[in-house]
Amino acid sequence: MSDSPVIASASKLVVRYGHQTVLDESTLAIHEGERVGLVGRNGSGKSTFLKIAAGVDTPDSGDFITRNGLVTGYLPQDFELNDEATVMENILDGAAFIRDAIAEYEALPADSHRAAELMETITHFHGWTVDQRAQSLINELHAPDATRIVGTLSGGEKRRVALSRALLGEPDFLILDEPTNHLDTGSIEWLEQFLSKYHGTCLFVTHDRYFLDRITTRIVDMRNGKCDSYEGNYTDYLLARAEREEAEARNEHKRQRFLKKELEWVRRRPGARRTKSRDRMDKYFEIADQEGPEQDIEVDLIIPPAPKLSNRVIEAKGISFAIGGRTLIDDFSIKIEPGERIGIVGRNGLGKSTLLKILLGQLEPQKGSVEIGSRADINFVDQNRLLLDDQKAIWEEVGEGVDYVQLGSERISLRSYLRRFLFTEDRINTKIELLSGGERSRVLLAKILKRGGNVLVLDEPTNDLDLATLRVLEEALTHFEGCVLAVSHDRYFLNRVCTATLAFEGNAEIHYQDGSYDYYLEKKTSRDKVAAMWEAQSAAKPVETPKPTGKRRKLSNKEREAIATIEDRIAAAEEQVSQLETAFTAPDFFEKHADTYQQKEHDLKVLKAAVAKLYEEWDQLEKLKEEAS
């Protein structure tokens, strides 16, 4: 993309909040068509950089310049919607500039020079299909019904409306801050496909590592207020960064060896003040003053040890629950074993939170029963309801009046505990109101986890956490000896942490599957294939079998030919299905076939139906052979 024109550039951006310098002469050029992912620790300036790029904030010094006439779309973490308007009205606001252009165009005479300019703008931004695209976004992102009033929506529903609004205008420069938050896995995958074929330029921040790997063409690492750029996707970035750190470590080793050798010479204090000696002394002090490469703070986050569980943690038998005439849970049973870490997945609104409340005894099932083991000590806090006091410092908020944390038989200081959550000594005294969204999430996590327990229930634990904190949290959860129930849409987190998946598949269907999330998807694909084949077989029109006449009938030439070739035709059709299914599993399938994948899905369905009909034809031909024998 470096050969493409530059559409936006940051030059020596400086932003300070009190004594903290967030951006320190940050410089970055963004080229047309790029999909740039910003990564870095919470508080490293990612959201600040996006706000400046979107024109919402201005830096203390430096410039952010965009190409003349560049249309920018922006999804911030803290978005604003019109609570009194409908979902559709809010989404259409994202294309207000297009709708204004259409209104002006329709009011002008056809031969107007201005009309020609407006037509070019409308065509460029696909203005004539705005209403259809708005409804499509509602469907694909599982946003609320178009007629609902936004003020009645939940936080997650509002975020999907705000994302739809940002995407609708298809701007030249699309800026997204944590676009995957509150999206289910299906919506995230759809967004990946949308952005992979997006005609404009995209700059975004996300904690979703699969999303970063599949979408980005460049990663920008925000460190010490600077922008370090790496070409390629997230995997390319990790490899390049590892090589860079290895080279820095080698250079630092050489520097330390040089200093050790020269230090012996300096200590001898040579009496002669010859020029050569002075030069050598100057070189020593010059290299001694250099700083070594900064080491990332990697701290082992330790969750308080889990008290021993009994053989039965939680057992649900035949539970059902309906609300507003809609069945969410229907005759569902599960026995949660000690040591299990279950990932709960599914679209929003299918009943995940309802099931959690029933399993934890907060809500009575309308049918069935739930038994909680006598030794189960449940630690569950709805993160959306636990408020932080903005006027308190981090240590005050987490400590809650106590200056230590009990980790089993070990007692550690509160400050040591907070360092496990990657809060440095100078940051511990910072007020909550001055923290980034990700830092607030870490404070919340620290406050929740110090309460201990042997059954941890985590509701979207990965939202707003930086990648370094995610790795630490995942490591801690995999070594936790109690049980974990985690509602999450982060596919990487689910694969890394969970030993089983509880999937809400719609129509009150809840499926339990041992193994990782990817293994669940693999098994679901197999189940869907079988279901599709049975559906095709039941839908296929049966071949009429001639009624027996009491005499042996002769096979026609056409029937004999059909019998001779049926096995080969089935094998050929099954091979076509197999090839197409293999193509769907390729990592770059949606990137290569972004414009035709829906047609290929249709082709696969038709081929499967054809295989089913061939098997039915074979069955009928076998009966004819028996009658003729």
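Note that these values count all heavy atoms, side chains included, but never hydrogens, waters or copies made by symmetry.
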Engineer: Between Arg159 and Glu460, does at least one N-O distance fall below 4.0 Å, as a salt bridge requires?
Structural biologist: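 Here Arg159 does not pair with Glu460 in a salt bridge, since their nearest N and O are not under 4.0 Å apart.
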
Engineer: Consider only side-chain N and O atoms of Asp221 and Tyr237, and report whether a donor and an acceptor are under 3.5 Å apart.
Structural biologist: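 Yes, Tyr237 and Asp221 have a side-chain donor paired with an acceptor closer than 3.5 Å.
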
Engineer: Quickly, which of Thr180, Asn495, Thr185 forms a side-chain hydrogen bond (donor to acceptor under 3.5 Å, both in side chains) with Tyr210? Name it, please.
Structural biologist: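 So the option named by the test is Asn495.
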
Engineer: Any salt bridge between Lys524 and Glu505, counting N to O under 4.0 Å?
Structural biologist: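 The answer is no: the pair does not qualify as a salt bridge.
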
Engineer: Write down the atom of Phe493, the atom of Ala486, and the distance for their closest heavy-atom approach.
Structural biologist: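 Residues Phe493 and Ala486, closest heavy atoms: CE2-CB, 4.0 Å.
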
Engineer: Could you walk me through whether Asp83 and Lys158 pass the salt bridge (charged side-chain N to carboxylate O under 4.0 Å, His left out) test, one step at a time?
Structural biologist: CA-CA 10 Å; Asp83 282 347; Lys158 286 183 178 180; 3.6 Å; yes

Engineer: Please step through side chain to side chain contact (heavy atoms under 4.5 Å, CB included) for the pair Leu183 and Arg160, ending with a clear verdict.
Structural biologist: CA-CA 7 Å; Leu183 292 187; Arg160 293 196 292 279; 3.6 Å; yes

Engineer: Please tell me if the side chains of Ile219 and Asp236 come closer than 4.5 Å, counting only heavy atoms from C-beta onward.
Structural biologist: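 Side chain of Ile219 against side chain of Asp236, heavy atoms only: no contact under 4.5 Å found.
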
Engineer: Run the side chain to side chain contact (heavy atoms under 4.5 Å, CB included) check on Val39 and Val220 step by step: do they pass?
Structural biologist: CA-CA 6 Å; Val39 300; Val220 174; over 6 Å; no

Engineer: Run the salt bridge (charged side-chain N to carboxylate O under 4.0 Å, His left out) check on Arg527 and Glu509 step by step: do they pass?
Structural biologist: CA-CA 13 Å; Arg527 286 190 287 116; Glu509 290 288 332; over 6 Å; no

Engineer: Got a donor-acceptor contact below 3.5 angstrom from the Ser320 side chain to the Asp331 backbone?
Structural biologist: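 Yes, because the side chain of Ser320 sits within donor-acceptor range (under 3.5 Å) of the backbone of Asp331.
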
Engineer: Could you grab the distance from atom CG of Asp177 to atom NZ of Lys46, nearest 0.5 Å is fine?
Structural biologist: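 Rounded to the nearest 0.5 Å, the CG-NZ separation comes to 8.5 Å.
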
Engineer: Distance-only, no hydrogens or angles: does the Gln77 side chain make a donor-acceptor pair with backbone N or O of Glu178 under 3.5 Å?
Structural biologist: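 No, the answer is negative, given that no donor and acceptor are paired below the 3.5 Å cut-off.
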
Engineer: Using the rule given for side chain to side chain contact (heavy atoms under 4.5 Å, CB included), can you reason through Glu89 versus Asp93, listing the C-alpha separation, both sets of side-chain angles and the distance that settles it, and then say yes or no?
Structural biologist: CA-CA 6 Å; Glu89 288 167 342; Asp93 280 346; 5.9 Å; no

Engineer: List the atom of Tyr512, the atom of Ala500, and the distance in Å for their closest heavy-atom pair.
Structural biologist: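 Smallest heavy-atom distance, with atoms named: OH-CB, 3.4 Å.
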
Engineer: Under the side-chain contact (heavy atoms from CB on, under 4.5 Å) rule, collect the residues that match up with Ser526, sequence neighbours excluded.
Structural biologist: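 Result, side-chain contact (heavy atoms from CB on, under 4.5 Å) vs Ser526: none returned.
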
Engineer: Here's one to test your reading of the geometry: is the NZ or CZ of Arg442 within 45 degrees of the ring axis of Phe423 and under 6.0 Å from its centre?
Structural biologist: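 Flagged: Arg442 positioned over aromatic ring of Phe423.
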
Engineer: Looking at CZ of Phe332 and NE2 of His511, how far apart are the two atoms once the value is rounded to the nearest 0.5 Å?
Structural biologist: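 Here the interatomic distance stands at 10.5 Å.
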
Engineer: Going from NZ on Lys523 to CD on Gln513, what distance comes out if it is rounded to the nearest 0.5 angstrom?
Structural biologist: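 If I round to the nearest 0.5 Å, the distance is 6.5 Å.
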
Engineer: Would you say Glu340 and Val313 make side-chain contact, with heavy atoms under 4.5 Å?
Structural biologist: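 Glu340 vs Val313: side chains apart.
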
Engineer: For residues Ile372 and Ile378, determine if any side-chain heavy atom of one lies less than 4.5 Å from a side-chain heavy atom of the other.
Structural biologist: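 A side-chain contact exists here, since the closest heavy-atom pair is under 4.5 Å.
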
Engineer: Mark yes or no for whether Asn233, through its side chain, and Asp213, through its backbone, hold a donor-acceptor pair below 3.5 Å.
Structural biologist: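 Here the side-chain-to-backbone pair exists.
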
Engineer: Search all heavy atoms of Leu212 against all heavy atoms of Gly37 and return the closest pair with its distance.
Structural biologist: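 Leu212 and Gly37 have their closest heavy atoms at CD2-CA, 4.3 Å.
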
Engineer: Strictly distance-based, threshold 3.5 Å: is any side-chain N or O of Lys352 a donor or acceptor partner for the main-chain N or O of Arg347?
Structural biologist: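 Here the side-chain-to-backbone pair exists.
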
Engineer: Can you tell me how far apart OG (Ser187) and NE2 (His182) are? Round to the nearest 0.5 Å.
Structural biologist: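 Ser187 atom OG to His182 atom NE2 measures 13.0 Å (nearest 0.5 Å).
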
Engineer: Taking side chain as C-beta onward, heavy atoms only, is Leu153 less than 4.5 Å from Arg148?
Structural biologist: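 They are in side-chain contact.
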
Engineer: Taking the side chain as every heavy atom from C-beta outward, state whether Leu485 and Leu456 have any atom pair closer than 4.5 Å.
Structural biologist: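 A side-chain contact under 4.5 Å is absent here.
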
Engineer: Atom CG of residue position Asp78 - does it have more than 12 heavy atoms of other residues, nucleotides or ligands inside 6.0 Å?
Structural biologist: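 Counting other residues, nucleotides and ligands, CG of Asp78 stays at 12 neighbours or fewer.
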
Engineer: Identify whether NZ of Lys or CZ of Arg in Arg496 sits under 6.0 Å from the centre of the six-membered ring of Tyr492 and within 45° of that ring's axis.
Structural biologist: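 No, Arg496 does not lie over the aromatic ring of Tyr492.
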
Engineer: Restricting to non-hydrogen atoms, name the atom on Pro338 and the atom on Cys483 that form the minimum distance, rounded to 0.1 Å.
Structural biologist: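 For Pro338 and Cys483, the tightest heavy-atom pair comes out as CA-SG, 3.8 Å.
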
Engineer: For atom CD of Glu364, is the number of surrounding heavy atoms from other residues, nucleotides or ligands below 6.0 Å larger than 12?
Structural biologist: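 It does not: Glu364 CD has 12 such atoms or fewer within range.
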
Engineer: What heavy-atom pair brings Gly343 and Leu494 nearest, and what distance separates the two atoms?
Structural biologist: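 Closest pair (atom of Gly343, atom of Leu494, distance): CA-CD2, 3.8 Å.
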
Engineer: Kindly say whether Gly318 contributes a backbone atom to a donor-acceptor pair with the side chain of Ser333 at under 3.5 angstrom?
Structural biologist: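 A pair under 3.5 Å: yes.
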
Engineer: More than 12 heavy atoms of other residues, nucleotides or ligands under 6.0 Å from CD1 of Ile323: is that the case?
Structural biologist: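 Count not over threshold, so no.
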
Engineer: Say you draw a straight line from CG of Leu176 to OH of Tyr74; how long is it, rounded to the nearest 0.5 Å?
Structural biologist: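 That separation rounds to 10.0 Å.
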
Engineer: Just by distance, with hydrogens left out, do Asp131 and Gln135 show a side-chain donor and acceptor under 3.5 Å apart?
Structural biologist: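 Gln135 and Asp131 do not have a side-chain donor-acceptor pair below 3.5 Å.
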
Engineer: Would you check if the side chain of Ser136 reaches a backbone N or O of Gln132 as a donor-acceptor pair within less than 3.5 Å?
Structural biologist: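 No, Ser136 side chain to Gln132 backbone: no donor-acceptor pair under 3.5 Å.
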
Engineer: Can you tell me if Glu481 has over 12 outside heavy atoms packed within less than 6.0 Å of its CD?
Structural biologist: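 Not buried by this count: 12 neighbours or fewer within 6.0 Å.
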
Engineer: Nearest 0.5 angstrom please: Lys450 NZ to Phe421 CZ, how far?
Structural biologist: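 The distance works out to 10.5 Å.
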
Engineer: Is the backbone of Gly169 close enough, under 3.5 Å, to the side chain of His126 for a donor and an acceptor to pair up by distance?
Structural biologist: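 Absent.
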
Engineer: Side chain to side chain contact (heavy atoms under 4.5 Å, CB included) between Val497 and Phe480: does it pass, once the steps are laid out?
Structural biologist: CA-CA 10 Å; Val497 170; Phe480 181 63; over 6 Å; no

Engineer: Could you check if a side-chain atom of Leu458 sits within less than 4.5 angstrom of a side-chain atom of Leu477, using non-hydrogen atoms only?
Structural biologist: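 Heavy-atom side-chain distance check passes, below 4.5 Å.
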
Engineer: Is it the case that the side chain of Asn82 and the backbone of Asn90 share a donor-acceptor pair, with hydrogens and angles ignored and the cut-off at 3.5 Å?
Structural biologist: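 Absent.
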
Engineer: Does this structure show an ion pair linking Asp208 with Arg491, if we count only N-O contacts that are shorter than 4.0 Å?
Structural biologist: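 Arg491 and Asp208: salt-bridged.
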
Engineer: Closest heavy-atom contact between Gly373 and Ser310?
Structural biologist: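 So the minimum-distance heavy-atom pair works out to CA-OG, 4.2 Å.
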
Engineer: Are Leu163 and Leu191 side-chain neighbours, meaning at least one heavy-atom pair lies under 4.5 Å?
Structural biologist: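 They are in side-chain contact.
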
Engineer: Between the main-chain N or O of Cys202 and the side-chain N or O of Arg35, is there a donor-acceptor pair closer than 3.5 Å?
Structural biologist: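 Answer holds: no.
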
Engineer: Below 4.5 Å, heavy atoms only, C-beta onward: do Val455 and Ile336 meet side chain to side chain?
Structural biologist: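 Not in contact.
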
Engineer: Ignoring hydrogens and angles, tell me if any N or O in the side chain of Asp184 forms a donor-acceptor pair with the backbone of Gly186 under 3.5 Å.
Structural biologist: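 Flag set: sc Asp184 to bb Gly186 pair under 3.5 Å.
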
Engineer: Check whether the side chains of Thr147 and Asp145 place a donor and an acceptor atom closer than 3.5 Å, and report yes or no.
Structural biologist: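 There is such a pair between these side chains.
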
